[in-house]
Amino acid sequence: MDIPMTDKNEIKIFILYLMERIGYPVKFSDVCGILHQENVVSYFDGGDCFGELVDAGHVLEVSKDELGESLYVVSATGKTIAVELSDTILPSIRESSYRSAIRHLSFQKRGARLDCYHRLQENGKYMVHCEITEFGKIVLNIDVEVDSKLEADKMLFNFRRRPEIVFRGTLALVSGETNYIFE
């Protein structure tokens with residue numbers, strides 16, 4: 001398959017869009033890994049464009065991870081570019097790359113926190129609450145009514161065990177990308 005993006009401006013817009021959508025500091029290697037994994041941008045073009053975005057101040061180094069690798073975020077100017085020009089990128093590329101980013105970056109690495117519990121309701125059923133936050137921002141919030149405590153406990157167990165699967169599955173279902181379920 002040919003790589004769909006070769007224009008440097010288009011690649012830069014795409015990198016800004018992807019980083020803005022991820023919404024938290026990421027390493028250069030993570031950005032390039034996501035681009036390469038989806039075969040959207042060549043590794044070399046992605047690296048060149050990322051460096052140019054840093055040089056232009058559209059991507060900023062904000063800290064280092066536990067291994068001393070730089071972590072980057074999109075600057076205010078970069079966010080404006082990402083928001084205003086992201087429509088120039090094919091929707092299918094935008095969405096598949098974002099899903100790839102979610103798969104590529106683990107929940108623990110992204111600073112995700114889980115909050116889940118159930119409560120008995122007046123009608124004798126149980127309300128199950130599952131929530132994922134990243135860096136203080138809610139990224140998933142689900143309330144489901146079930147018939148029994150056994151069913152509620154099972155849901156909580158599964159959510160705690162594999163929150164990334166619940167998140168990806170929910171994202172796939174509400175976006176209409178149900179092929180995820182069969183991958």
Side-chain angles (χ1 to χ4, degrees), residues 1 4 14-40 62-67 69 71-74 79 82-83 86-87 89-183:
M1 179 176 140
F14 182 63
I15 291 170
L16 292 172
Y17 165 80
L18 191 59
M19 289 180 67
E20 170 62 15
R21 183 104 189 260
I22 291 169
Y24 55 86
V26 293
K27 295 185 293 189
F28 164 75
S29 60
D30 287 332
V31 173
C32 288
I34 293 162
L35 297 175
H36 182 69
Q37 183 175 329
E38 284 294 300
N39 201 32
V40 173
V62 291
S63 62
K64 301 216 183 264
D65 69 5
E66 62 280 353
L67 299 174
E69 289 188 67
L71 296 171
Y72 297 92
V73 296
V74 177
K79 287 179 186 182
V83 169
S86 66
D87 287 344
I89 303 163
L90 289 172
S92 60
I93 291 174
R94 286 193 317 248
E95 294 310 311
S96 68
S97 295
Y98 177 65
R99 283 192 309 277
S100 178
I102 295 301
R103 286 191 300 266
H104 185 81
L105 303 167
S106 73
F107 265 47
Q108 181 180 24
K109 183 178 183 180
R110 292 175 9 215
R113 302 273 184 242
L114 304 180
D115 182 24
C116 56
Y117 55 85
H118 60 65
R119 66 180 179 278
L120 181 62
Q121 300 187 106
E122 289 181 16
N123 64 3
K125 296 183 178 190
Y126 286 82
M127 183 61 68
V128 177
H129 175 78
C130 300
E131 183 176 284
I132 301 172
T133 58
E134 292 178 354
F135 302 101
K137 182 175 85 172
I138 296 174
V139 296
L140 179 74
N141 186 355
I142 299 174
D143 288 318
V144 179
E145 185 179 77
V146 297
D147 292 328
S148 69
K149 184 176 184 312
L150 179 63
E151 192 175 3
D153 287 339
K154 183 178 178 182
M155 286 182 166
L156 293 180
F157 174 78
N158 287 323
F159 180 73
R160 287 183 184 119
R161 190 170 58 101
R162 301 289 303 271
E164 70 280 0
I165 298 298
V166 173
F167 179 77
R168 288 179 11 212
T170 302
L171 185 65
L173 289 169
V174 298
S175 69
E177 296 292 331
T178 54
N179 288 340
Y180 156 79
I181 295 169
F182 305 108
E183 289 179 351

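Heads up: numbering here begins at 1 and tracks the sequence. These numbers come from a predicted model, not from an experiment.
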Does any non-hydrogen side-chain atom of [Y] lie less than 4.5 Å from one of [X]?
{"X": "Lys154", "Y": "Asn158", "answer": "yes"}
{"X": "Lys27", "Y": "Leu71", "answer": "yes"}
{"X": "Leu114", "Y": "Ile132", "answer": "yes"}
{"X": "Cys116", "Y": "Arg160", "answer": "yes"}

Q: Can you see which heavy atom on Val74 is nearest to which on Glu20, and at what distance?
A: CG2-N, 3.7 Å
Q) Of all heavy-atom pairs between Ser148 and Tyr126, which one has the smallest distance, and what is that distance? A) C-CD1, 3.5 Å
From [X] atom [atom1] to [Y] atom [atom2], the distance as rounded to the nearest 0.5 Å:
{"X": "Glu69", "Y": "Asp30", "atom1": "CD", "atom2": "CG", "value": "8.0 Å"}
{"X": "Ile138", "Y": "Arg113", "atom1": "CD1", "atom2": "CZ", "value": "14.5 Å"}
{"X": "Phe167", "Y": "Phe159", "atom1": "CZ", "atom2": "CZ", "value": "10.5 Å"}
{"X": "Thr170", "Y": "Asn141", "atom1": "OG1", "atom2": "CG", "value": "11.0 Å"}

Checking [X] now: which residues fulfil side chain to side chain donor-acceptor pair (under 3.5 Å) with it, not counting sequence neighbours?
{"X": "Lys125", "result": "Asp147"}
{"X": "Lys149", "result": "Asp153"}
{"X": "Glu145", "result": "Gln121, Asn123"}

Q.
Working note: Tyr24 + Val62, criterion side chain to side chain contact (heavy atoms under 4.5 Å, CB included); need CA distance, chi angles, decisive distance, verdict.
A. CA-CA 10 Å; Tyr24 55 86; Val62 291; over 6 Å; no
Q: Please test Val31 against Ile15 for side chain to side chain contact (heavy atoms under 4.5 Å, CB included), starting from the C-alpha separation and ending with a verdict.
A: CA-CA 8 Å; Val31 173; Ile15 291 170; 4.1 Å; yes
